[in-house]
Visitor: 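Below is one structure. I have some questions about it.
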Amino acid sequence: MKKKFWLLLAALLTLTLVLAACGGGNKDEGKKSSGKKEINLVIPSEPPSLHPGLATDTTSSAILDNVFEGLMTRKDGEIVNALAEDYTISDDQLTYTFKLRDAKWSNGDPVTAHDFEYAWKWVLNPENASEYASILYPIKNAEAYNKGEAKADDVGVKAEDDKTLVVTLDQPTPYFLELTAFKTYYPVNKNVAEKNPKWYTEAGEDYVTNGPFLLDSWNHNKDITLKKNPDYWDADNVALEKVNITMVESEQTATTMFDNGEIDFLGSPFQTVSLDAIDQYKKEGILNIEDYAAIYWYKFNTTDEILKNKNIRKALALAIDRQGLIDNVTKGEQKPALGMVPAAIKGFEKDRGYFKDNDVEEAKKALEQGMKELGISKPEDINIKISFNTSEAHSAIAQFIQENWRKNLGINATLDNSEWQVYLDKLSNLDYQVGRLGWIADYNDAYSFLEQFDSADNGNNDTGWENPEYTKLLREANKQTDEEKRLELLKQAEAIIMEEFPVAPIYYYTSLYVAKDHVKNMKPDNLGNIYLKYVEVE
Amino acid sequence: MLKYIIKRIIHILIALFLIVTATFFLMKAAPGNPFANERDFPPEIEANLNAKYGLDNPWYIQYKDYLINTLKFDFGESMKYKERSTNDIIAEGFPVSLALGLEAMLIAVGLGILFGIIAALYHNRFPDYIATTIAVLGISVPSFVLAGLMQYFISLKLGLFPVAGWNGFKYTVLPALAIALTHAGYIAKLVRSSMLEENHSEYVKLARAKGLGKWTIVFKHTLRNALMPVITYLGPLTAGVVTGSFIIEQIFAIPGLGRHFVQSITNRDYTVIMGTTVFYAIILMFAVLIVDILYTIIDPRIKLKGGGRK
């Protein structure tokens with residue numbers, strides 16, 4: 001009888017071996033890819049939309065930025081000409097005239113100014129409900145058309161002929177060229193899109209693009225393949241032949257894939273370097289850190305009974321030990337945020353000296369003043385709820401700050417988490433006291449961070465705070481055509497916010513990434529975008 | 001028999017109606033909305049979005065639309081993934097989950113029965129302890145821990161299988177094992193206890209008295225009866241496994257259906273929530289029905305009764 005048992009066990013073992021044998025050869029595959037000009041990447045999810053006018057998220061952008069191209073594009077964080085061969089700006093900075101170069105769509109059609117006019121008006125057409133339409137609002141009458149108060153013909157974008165695009169703005173917008181490199185400003189092939197309104201849902205004949213790469217295949221929820229566009233105007237300078245992008249949701253899995261050589265690069269927007277892996281990559285000396293124009297902040301509901309007092313808000317903002325938070329909790333080499341505009345934005349590289357990190361003394365003074373104004377006798381009587389969307393990282397940060405406030409100020413704080421979609425509703429309905437949010441710049445300009453507080457009605461404000469002086473300074477900055485003076489005005493506006501603290505800046509994000517040795521020139525720029533056009537593999 | 005099946009199908013339809021209703025009202029009662037976005041857009045745009053998906057209608061109109069759409073098996077477009085229909089999402093995800101699920105079932109049932117038999121035959125002896133320990137470990141180690149360990153040791157250290165992805169058979173082995181081991185543990189325990197029970201029954205004693213070998217008795221006599229509890233367990237197991245596992249699909253980057261059950265809810269993607277729920281309900285109820293029919297085939301002592309008699 002015993003014998004049979006061992007026989008069975010042996011059979012089982014054989015089975016395991018056979019199964020194991022099926023898996024062989026996987027390692028070779030990874031090596032093969034380094035021979036061709038090919039790169040393997042991962043993104044964290046299915047891109048919600050690959051229509052440049054509808055996309056709102058970084059995953060969609062990661063693809064769109066490489067298959068489409070706008071009038072301008074970005075290289076090493078600077079704006080350079082792309083489809084626009086040349087442009088002229090009128091003296092009052094209200095009219096931009098773009099001359100297009102000879103470029104082709106992937107179906108052979110020439111890219112014309114009409115395609116731009118069509119694409120931009122499509123985004124603004126309220127029927128299409130583009131959630132990012134507001135980024136086109138600097139264009140004359142764009143906002144009115146988007147809100148149904150003006151006609152499409154009133155919008156300040158016009159194709160004079162096939163090669164000339166004239167854009168009229170509402171007011172001088174010094175960062176307008178930056179905007180033309182943004183995905184919502186990409187052109188769309190008018191003929192194809194009008195014929196097939198669902199052109200952007202699948203890869204194939206109708207997914208017509210004009211960028212350095214073509215969308216070769218798109219298996220929903222699985223993978224995307226890009227291949228070099230041979231008809232791209234600058235094809236000589238595109239090194240990669242093929243880009244394989246797999247959708248991998250788990251950060252842990254992506255890390256293992258990188259360690260195993262299945263992917264060549266890891267770092268936003270192509271998944272992220274997970275917190276647990278940071279130390280290991282640092283030790284191996286392969287972790288790269290880049291400045292990122294993004295901020296993590298706590299917003300204060302200034303219509304709240306306690307938080308309406310600016311001294312209390314100041315006390316809370318000052319009593320946070322940012323460096324300690326970064327060293328012990330977030331650990332991602334972030335930088336303490338002591339202002340509203342990250343150092344990655346030009347003109348804001350240096351600290352403006354609004355306040356000191358973890359300034360307990362000043363915080364206590366402000367708290368005392370604030371309690372006097374509100375008629376509160378003991379700090380223990382102040383109860384503050386910190387809200388955040390459910391996530392371990394946000395929870396850990398909130399706990400750290402809760403402890404800071406208790407130890408430094410004697411204030412009690414409670415934690416309150418909710419699901420993302422619920423949390424967003426809470427913030428915009430001002431149904432919170434203190435809430436976390438992140439903000440990533442869409443364009444390389446301080447205005448991207450300051451604009452949202454220009455009025456309490458601004459949909460991104462979420463604090464109920466406004467200040468006429470602040471609003472005035474922003475308006476003036478927008479009319480100012482001199483770059484130096486404009487920066488000065490923006491800094492004055494920032495100073496006002498950093499006195500009244502409708503938000504407590506916590507840290508400026510950094511981009512962390514790791515790449516295999518054979519991958520060259522691949523890194524996120526200061527807006528966190530990666531243009532595969534410049535990437536080289538050896 | 002036919003009468004019984006018809007009756008069961010009517011029950012299924014009633015249950016479906018109740019499920020759709022409950023899902024609809026729970027969905028509406030949950031706070032949050034599908035279009036909430038970190039970056040705000042004007043109320044005019046939100047109104048347009050609501051109109052596009054019929055969310056501006058009063059609840060009874062929406063409810064009626066959902067019912068009619070369910071009858072037509074047309075759940076509409078996803079609110080998160082632009083211009084992607086819920087039917088497409090299911091049609092693309094289900095075959096993947098089905099393939100993986102069947103592979104996992106095969107492993108689970110095979111290993112489970114094997115270990116169960118070994119444990120029962122060598123009751124309270126060394127092989128029993130080994131099999132039982134493996135079964136208990138299988139049940140108690142969560143699949144995501146197992147998945148992570150397998151990725152680390154089998155893929156990264158030994159290089160036998162790819163870490164994640166879905167491009168052919170070798171990609172299915174680790175996820176199938178990760179899903180299967182828990183269920184294999186359950187099945188082993190079920191088989192072991194019912195085998196032990198059968199071993200004490202008269203017919204097994206007779207077979208043994210006749211001088212039949214241990215394994216002959218198992219395959220000719222005991223196993224057939226001992227499998228009844230496993231069959232019961234197989235119904236819900238099949239429904240659960242073939243519709244995909246959120247965690248396993250996430251860890252192994254598998255483009256299956258499982259993730260949509262969870263993600264659609266966090267996204268408040270109403271159309272996808274409804275589609276996946278109804279789809280899962282149908283699969284589950286038919287799996288249970290099929291199991292009931294299987295009973296009669298495996299054990300002729302059980303008769304399925306139609307309406308009439310209680």
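Source: prediction; values computed, not measured. Only this structure's heavy atoms are used, side chains among them; waters, hydrogens and symmetry mates stay out.
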Visitor: So, for Arg268(B) and Val422(A), which heavy atoms are closest and what is the spacing to 0.1 Å?
Guide: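 Closest approach of Arg268(B) to Val422(A), heavy atoms only: NH2-CG2, 3.3 Å.
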Visitor: With a 4.5 Å cut-off on heavy-atom pairs, point out which of Ser49(A), Pro126(A), Ala254(A) contacts chain B the most.
Guide: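 The option with the most such pairs is Pro126(A).
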Visitor: Between Tyr423(A) and chain B, which part of the residue has a heavy atom less than 4.5 Å away: side chain, backbone, both or neither?
Guide: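 The answer is neither part of Tyr423(A).
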Visitor: Please flag which part of Met257(A) lies under 4.5 Å from any non-hydrogen atom of chain B: side chain, backbone, both or neither.
Guide: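 Both parts, backbone and side chain.
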Visitor: Mark yes or no for whether Asn48(B), through its side chain, and Ala129(A), through its backbone, hold a donor-acceptor pair below 3.5 Å.
Guide: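 Answer holds: no.
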Visitor: So, Asp88(B) and His220(A): side-chain donor and acceptor under 3.5 Å apart, yes or no?
Guide: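 There is no such pair between these side chains.
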Visitor: Do the side chains of Gln151(B) and Asn260(A) get nearer than 4.5 Å, heavy atoms only?
Guide: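 Heavy-atom side-chain distance check fails, nothing below 4.5 Å.
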Visitor: Are more than 12 heavy atoms, taken from residues, nucleotides or ligands other than Lys52(B), located less than 6.0 Å from that residue's NZ atom?
Guide: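 Result for NZ/Lys52(B): enclosed.
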Visitor: Where on Pro47(A) is there a heavy atom nearer than 4.5 Å to chain B: the side chain, the backbone, both, or neither?
Guide: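 Backbone of Pro47(A) only, per the 4.5 Å heavy-atom cut-off to chain B.
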Visitor: Testing the basics here: between Trp166(B) and Lys222(A), what is the closest heavy-atom pair and its distance to 0.1 Å?
Guide: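 Scanning both residues, the minimum pair turns out to be O-CE, 2.7 Å.
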Visitor: So Pro162(B) and Glu262(A), do their side chains get closer than 4.5 Å, heavy atoms only?
Guide: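 They are in side-chain contact.
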Visitor: Please check if atom OH in Tyr137(A) has more than 12 non-hydrogen atoms from other residues, nucleotides or ligands closer than 6.0 Å.
Guide: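 Buried by this count: over 12 neighbours within 6.0 Å.
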Visitor: How many angstroms lie between CD in Glu131(A) and CD1 in Ile45(B), if you round to the nearest 0.5 Å?
Guide: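 If we round to the nearest 0.5 Å, Glu131(A):CD and Ile45(B):CD1 are 9.0 Å apart.
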Visitor: Heavy atoms, side chains only, cut-off 4.5 Å: are Asp223(A) and Asn167(B) in contact?
Guide: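 Yes. Closest side-chain heavy atoms under 4.5 Å.
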Visitor: Find out whether His51(A) and Glu83(B) are in side-chain contact, i.e. whether some heavy atom of one side chain is under 4.5 Å from a heavy atom of the other.
Guide: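 No, every pair of side-chain atoms sits at 4.5 Å or beyond.
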Visitor: What do you reckon, is CD of Glu284(A) surrounded by more than 12 foreign heavy atoms closer than 6.0 Å?
Guide: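 Counting other residues, nucleotides and ligands, CD of Glu284(A) exceeds 12 neighbours.
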Visitor: Can you check salt bridge (Lys or Arg N to Asp or Glu O under 4.0 Å) on Glu46(A) and Lys80(B), steps first, answer last?
Guide: CA-CA 11 Å; Glu46(A) 160 93 351; Lys80(B) 165 101 179 169; over 6 Å; no
Visitor: Is any side-chain heavy atom of His260(B) closer than 4.5 Å to a side-chain heavy atom of Asn221(A)?
Guide: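 Answer yes - side chains close enough.
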Visitor: Would you check if Glu249(A) and Gln263(B) make a side-chain contact, meaning some heavy-atom pair closer than 4.5 Å?
Guide: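 Yes - at least one pair of side-chain heavy atoms lies under 4.5 Å apart.
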Visitor: Would you give the length of the straight line joining atom CZ of Arg84(B) to atom CD of Glu202(A), rounded to the nearest 0.5 angstrom?
Guide: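 It comes to 6.5 Å.
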Visitor: Given a strict heavy-atom distance threshold of 4.5 Å, which part of Thr56(A) is in contact with chain B: side chain, backbone, both, or neither?
Guide: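 Contact with chain B is through the side chain of Thr56(A) alone.
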Visitor: Using every non-hydrogen atom in the two residues, find where Thr253(A) and Ala164(B) come nearest and quote the distance to one decimal.
Guide: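 Taking every non-hydrogen atom into account, CG2-CB, 3.4 Å.
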Visitor: Please classify the contact of Pro34(B) with chain A as side chain, backbone, both or neither, using a heavy-atom distance under 4.5 Å.
Guide: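 Backbone only.
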Visitor: Of the non-hydrogen atoms in Gln421(A) and Phe35(B), which two are nearest, and what is the gap between them?
Guide: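 Heavy-atom minimum between the residues: NE2-N, 4.3 Å.
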Visitor: Checking Phe258(A) against chain B: side chain, backbone, both or neither under 4.5 Å from a heavy atom?
Guide: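 Looking at Phe258(A), nothing touches chain B.
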Visitor: Evaluate the side-chain proximity of Pro42(B) to Asn146(A): yes if any heavy-atom separation is below 4.5 Å, no if none is.
Guide: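 In contact.
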Visitor: Please look at Ile440(A) and chain B and tell me whether the side chain, the backbone, both or neither of the residue comes under 4.5 angstrom of a heavy atom of that chain.
Guide: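 Both backbone and side chain of Ile440(A) come within 4.5 Å of chain B.
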Visitor: Would you check if Gln252(A) and Ile251(B) make a side-chain contact, meaning some heavy-atom pair closer than 4.5 Å?
Guide: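 SC-SC contact between Gln252(A) and Ile251(B) ruled out.
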